[in-house]
Amino acid sequence: MSIDRVFVIGAGLMGHGIAQVSAAAGKRVTLSDRTAELADKGKARIGSNLKRQVDKGKLEQSAADEILERISTGEGADGAAGHDIVIEAVFEDESVKRQTWEALTKSADADAIFASNTSSISITGLATATDRAPRFIGLHFFSPVPVMGLIEIIRGLETDDETYDACRTFAEELGKTVIESKDYPGFLVNRMLGPFINEAVFALMESTGTAEDIDTGAKLGLNHPMGPLELSDFIGNDVMLGVMDVLYRGFGDPKFRAAPLLRQMVTAGHLGRKTGRGFYTYDETGKKVE
Ligand SMILES: NC(=O)c1ccc[n+]([C@@H]2O[C@H](COP(=O)([O-])OP(=O)(O)OC[C@H]3O[C@@H](n4cnc5c(N)ncnc54)[C@H](O)[C@@H]3O)[C@@H](O)[C@H]2O)c1
């Protein structure tokens, strides 16, 4: 089966990006959120992204217009009928996601594929909120979606081959490279990233080195574009703590215990760039303050 009509629910950071790359690949897209205003805001963000590309000479104005014309907006799960795939990018909260999937099960076509962009919640578990575990899958995009070249596809315990193959083709049509993961905590990428960042926080907590030296070590010694502490600030220290807690609970292995300093920083509200303070300090534009 081919995927041509895409329903994206959750028009935030990830959802608007997923809608943008889908429309840029020629798909017809409906972008939905809790309210029509939030969905329109998501579409407006796409408009600004495209305008930046036009201003830089990377995209023709006519192509930008066509991409925007392929995107309509909606409210809630109601408009999901008539789409080949529903991609869910609502808050990373299991009960919110389950409620959303229950509503989508009622409104979407019976043969539509259901895909969650969750970073950490079990695909096999979310599928039980729907009537279609064989057609339920994880499509894990990375931020910023138009820039990052990877999609991690997660097969739930019951995901069938037809669904996997259709999603793989869809991801490739969006110009992304696919990696496939079984449905274990953290999938592949966050399972590697979480302990890496967490170990850097332990090193800082134990005064093995300064934050600057830890990050410089990763950048120049490992050729990473960002150090682990600045990356944690960028992603959100609360999000990284969530990843560690999922790994710790899911595997029951003490090697995944979150660094106490990471938990303490989240408790204090030092979430990183978004709150202006994390391992570093940031101004209101998100720029690091020396
Ligand atoms: N931020 C990242 O770097 C990143 C990367 C990969 C995956 N993810 C995952 O993507 C998902 C979305 O994350 P985000 O960063 O875009 O969050 P976000 O907060 O920017 O956006 C979430 C959007 O979902 C909407 N929403 C919440 N409940 C809803 C409901 N019941 N019905 C319709 N819309 C609803 C919100 O209004 C909001 O616009 C999460 O599962 C997250 O784990 C995030």
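Counting starts at 1 for both ligands and their atoms, following the listed order.
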Does any N/O atom on Glu92 come nearer than 3.5 Å to any N/O atom on ligand 1?
yes

Within-4.5 Å side-chain heavy-atom neighbours: Ile9 and Asp33:
no

Under 4.0 Å from a heavy atom of Ser143: give me the atoms of ligand 1 that qualify, with their elements.
3 (O)

Heavy-atom distances under 4.0 Å are what count here, so tell me which part of Phe141 touches ligand 1: side chain, backbone, both or neither.
backbone

Glu88, any N or O under 3.5 Å of ligand 1 N or O
no

So among Ile85, Leu104, Leu31, which one has a side-chain contact (heavy atoms from CB on, under 4.5 Å) with Phe7?
Leu104

For Gly76, state whether at least one heavy atom is located under 4.0 Å from any atom of ligand 1.
no

Phe142 near ligand 1, heavy-atom distance under 4.0 Å?
no

Mind checking whether Thr118 has an N or O less than 3.5 Å away from an N or O of ligand 1?
no

What atoms in ligand 1 come closer than 4.0 Å to a heavy atom of Val96?
28 (N)

Under 4.0 Å from atom 17 (O) of ligand 1, is there any protein heavy atom?
no

Checking heavy-atom distances from atom 34 (N) of ligand 1 to each of Met148, Glu152, Arg34, the winner is Arg34

